[in-house]
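Working notes for the structure below.
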Amino acid sequence: MQLNQEQLTAVRHVNGPLLIFAGAGSGKTRVITNRIVHLIQKEGISAGKIVALTFTNKSAKEMQTRVKKMITKPLLRGIEISTFHSLGLKILKKHPEEIGLKFPFVLQTPYDQESIINDLLKSKKIDPQSYPSKAILSHFSRIKNTGEEYIAKLSVSPIEIDLISLQLFENYCHVLKELNSVDFDDLILLPTNLLTNNKQVRQYYQTKFKYIMVDEFQDTNQSQYTFLKLLMGNNPNLCVVGDDDQSIYGFRGSNMNLILNFEKDFPGAKVVHLLNNYRSTSFIVNAASSVIKNNPGRREKRLYSNINHGDKVKYIERENEKEEAIYVVDTLQAEMIKGKKPGGKIAILFRTNYQSRSFEEELRIRSIPYKLVGGYNFFDRKEVRDIISYIKIIANPKDEVSLLRVLNYPKRGIGGTTISKLIQKSIECECSVMEILERLCEKPEFVDGIKKKTVSAIYEFLEIIHKYKKEFFKSHQMSSVLNSFIKEIGFEKEIVSEESDEKVIKARMNNLSEVVNMLSYFENELEQENKPNLFDFIIRLTLLMEDIDPKLEQEDKKVQLMTMHLSKGLEFDIVFLVGLEEGIIPNSRVLEEGSGVDEERRLFYVGMTRAKEKLILTGAKERKKYGETVLSNPSRFIEEISCQYLDTYKIENESSESSNIFLNELEKLKSA
DNA sequence: GTTGCGTTTATTTTT
DNA sequence: TAAACGCAAC
């Protein structure tokens, strides 16, 4: 496929700021990758001067593979195609001392963050009921993502929880530093501070990167923007690609105004509009446009499609969520059998994760393979977090959170009373719990009131940690060391005692092997370049934990289930948008905020524009909530769809027609 | 220290 | 509805 006129203009633009408004399905990634190739091949710019930033590891990887297909490897030497966070990490790794870190520092997961907060709450005797750690954490995140502005706002209208957060914030930062660790937001914030305060480092990066590109620019938050500007310095070759209509991460601090005000911020910026949608039928594009045009303050764009109009968008209403699921699965099953659609080209998209359940059940009843993307991922499983905790302790004995997690898992008789004594002692002595354990083994009377039996349990625990620490550093095959560690520490016995179902035991043990596989994959990948080590593996794991399943590409037979948020950037032949009711989308909790509806409308728009051929919208008249049946009304967004592109099937006016067509079809196929 | 039972509470989206 | 939590008995 050739590039169109606008795409070519964007690709060929070399110097000076460039703003690309890229509507849904308009070939945005193609433009970026082609522009990279153009800069290198036609303009002779060295790849080492180019940096392309994305928000997810997945899209970074996608961009890398696409560029690699177009250009030979030597020409790509030194190019930086990564996420904001990975680039931040790279910078931190290069200059740890400048910001008060020692080299192998630790990246805290959200789980770790939460337990740090909980510990703080406990030590300050603050009731965790009225100040949930999650809420506090999201405030911390906002502080780090927006900088002083937030604190200034606070002093004007302080809410109670904000004050508590602010008090705890300093403590929290202190704990992170104690543990020689950083959190996710620090990966942007600390490099930004470094570049601001250190002229030498700043000049280094400003000379290194001359051509900067940012994908999904509408998702950028203030701190990322500051970071970008520091990387650029006076060099104006910044190219940003985005679509204000697809800005759906406001709750995470992303600021749509950054793209809307780009021209003001960079006077003389070249602006390109990509409006030709190559993905969806014209009915789908027009239906989506008729919804999004209701948003105030957006940049007016007329997206169009030259693809045949195809079927109208359907809206189907059912009695309850069970009936809704039956309809959806009936229909998609018919498409799979009759239309020979592979499951991977069909998606069910919902607003909130818990909505997946009714669909999963219905799919499972009929043994249709499906893939639930995101939600509860691999790293949320207990055994996986346990083994990772062990790896972390071995790498970093100061990692309190991980240590306490597994000190008595598998159970070895070190209970709550002992643990609180140990923590108490570590606070008294101002040293880590691990040190207390060490000293306790040398001198059992070091901590009073601990039984002999407990001490010997701790001794055995330490022995095994020491032994494997040595092995990991000595060995050239860490994965096999990890394997014997899993055997020796007694995971299997513990899991067997917890589960009665043979299959579940196997599955959980398999998850552990999966971590071993990851380590072995990691070792093989790195072997030629650097000697692999545990620290880098942990950082890799932590980054991976925050990403959706990287194996997604291989799941081409499975029906895809995910939230509308996660669907951004993807496309499917057939899309079901489900649970379209007031209160779900727009979400009732969001409605209380001022501009909440607009973001919900954009989310709905993102969902609609994922569909290439068929778009089916469904809703239920009542559904169970907390085990109680609640009535609901159709989402206001349904009405906003221009009726020339929409067919509505409400329960009253269709009783036999549409559902029976599919059912009959199914019966025929089954008997045949 | 562990187990088991009854009570409570949660569902917005995630790099 | 189902998981998570807290308390009391073993």
Side-chain angles (χ1 to χ4, degrees), chain A residues 53-60 82-89 107 109-110 113 118 128-129 132 134-135 137-138 141-142 144-145 183-189 215-216 219-221 223-224 227 247-254 321 349-358 361 373-377 379-380 382 407-409 411-421 450-451 453-454 457 494 497-498 542-548 562-569 579 583-593 596 599-600 602-604 606-607 623-630:
Chain A
L53 296 174
T54 65
F55 283 85
T56 66
N57 290 322
K58 196 168 158 248
S59 45
S82 64
T83 64
F84 271 97
H85 289 89
S86 322
L87 179 61
L89 179 66
L107 182 54
T109 65
Q113 288 176 293
N118 281 327
Q129 292 271 296
K134 283 211 176 98
L137 214 49
S138 80
S141 190
R142 214 172 305 168
K144 288 193 179 186
N145 282 329
D183 68 17
F184 235 72
D185 299 318
D186 286 335
L187 293 181
I188 308 296
L189 186 66
D215 192 13
E216 307 275 13
D219 290 337
T220 314
N221 67 34
S223 86
Q224 286 158 341
F227 177 59
S247 164
I248 55 173
Y249 285 109
F251 65 92
R252 202 170 60 196
S254 79
E321 79 272 14
L349 308 181
F350 32 79
R351 171 69 239 259
T352 62
N353 275 307
Y354 78 87
Q355 292 174 263
S356 69
R357 283 196 39 178
S358 53
E361 260 167 43
V373 182
Y376 296 100
N377 69 38
F379 295 101
D380 287 326
K382 185 179 179 310
L407 190 51
N408 195 33
Y409 188 91
K411 291 202 185 92
R412 48 176 77 82
I414 307 171
T417 341
T418 310
I419 289 180
S420 25
K421 275 182 199 154
I450 291 190
K451 289 193 213 109
K453 216 172 127 196
T454 316
E494 192 65 27
S497 77
E498 283 169 25
T542 315
L543 285 173
L544 224 51
M545 282 164 98
E546 300 312 312
D547 225 358
I548 49 175
M562 70 191 86
T563 62
M564 296 181 197
H565 279 93
L566 280 181
S567 75
K568 195 169 76 163
I584 296 181
I585 183 165
N587 192 275
S588 50
R589 290 170 91 133
V590 151
L591 284 179
E592 291 154 23
E593 294 155 40
E599 183 151 317
E600 295 289 291
R602 289 193 290 268
L603 184 56
F604 186 61
V606 166
R623 68 174 62 233
K624 286 226 163 89
K625 242 178 181 176
Y626 303 124
E628 253 184 302
T629 305
V630 189

Atom of A:D183, atom of A:K144 and distance for their closest heavy-atom approach |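 Looking at all heavy atoms of both residues, the shortest contact is OD2-NZ, 2.9 Å.
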Shortest non-hydrogen contact from A:N221 to A:G253?
->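 Heavy atoms only, the tightest pair is CB-O, 3.1 Å.
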Nearest-neighbour nucleotide for the A:N353 side chain, B:dA10, B:dT2, B:dT14 considered |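 Closest nucleotide among those given: B:dT14.
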Between A:R412 and A:Y626, just flag the one whose closest nucleotide in DNA chain B comes earlier from the 5' side.
->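 The residue whose closest nucleotide sits nearer the 5' end is A:R412.
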Given DNA chain B, 5'-ward residue of the pair A:K451 and A:G627, judged by closest heavy atom |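 Counting from the 5' end, the first nearest nucleotide belongs to A:K451.
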At under 4.0 Å between heavy atoms, what does [X] touch on the DNA or RNA strands: base, sugar-phosphate, or nothing?
X      : value
A:T418 : sugar-phosphate
A:R357 : sugar-phosphate
A:K411 : sugar-phosphate
A:D185 : nothing

When you compare C:dA4 with B:dT13, how far apart are their P atoms, in angstrom units rounded to a whole number?
->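 To the nearest whole Å, 16 Å.
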Rounded to whole Å, please give me the gap between [atom1] in [X] and [atom2] in [N].
X      : N      : atom1 : atom2 : value
A:L349 : B:dT12 : CG    : P     : 19 Å
A:M564 : B:dT14 : CE    : C1'   : 16 Å
A:L566 : B:dT12 : CG    : C1'   : 12 Å
A:I414 : B:dG1  : CD1   : C1'   : 12 Å
A:E628 : B:dA10 : CD    : P     : 16 Å
A:E321 : B:dT11 : CD    : C1'   : 14 Å
A:I584 : B:dT13 : CD1   : P     : 12 Å
A:L603 : B:dT14 : CG    : P     : 10 Å

Check if the side chain of A:R351 and the base of B:dT12 share a donor-acceptor pair of N or O atoms closer than 3.5 Å.
->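 Such a pair is found, so the answer is yes.
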Pair A:L349-A:M562, side chain to side chain contact (heavy atoms under 4.5 Å, CB included): steps then yes or no = CA-CA 5 Å; A:L349 308 181; A:M562 70 191 86; 3.6 Å; yes
Salt bridge A:E321-A:R357, side-chain N to carboxylate O under 4.0 Å =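 So A:E321 does not pair with A:R357 through a salt bridge.
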Hey, is the side chain of A:T563 poking within less than 4.0 Å of OP1 or OP2 on B:dT14, counting only N and O atoms?
->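 Checking B:dT14 against A:T563, a side-chain N or O does come within under 4.0 Å of OP1 or OP2.
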Presence of A:R589 side-chain N/O under 4.0 Å of B:dT12 phosphate oxygens OP1/OP2 =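 Yes, within the criterion.
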Do the ring planes of A:F184 and A:H85 sit parallel (below 30°), tilted (30 to 60°) or perpendicular (above 60°)?
->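 Geometry flag for A:H85 against A:F184: tilted rings.
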Taking the six-membered ring for Trp, does A:F251 stack with B:dT13 (centroid gap under 5.5 Å, planes within less than 30°)?
->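 Yes, A:F251 stacks on the base of B:dT13.
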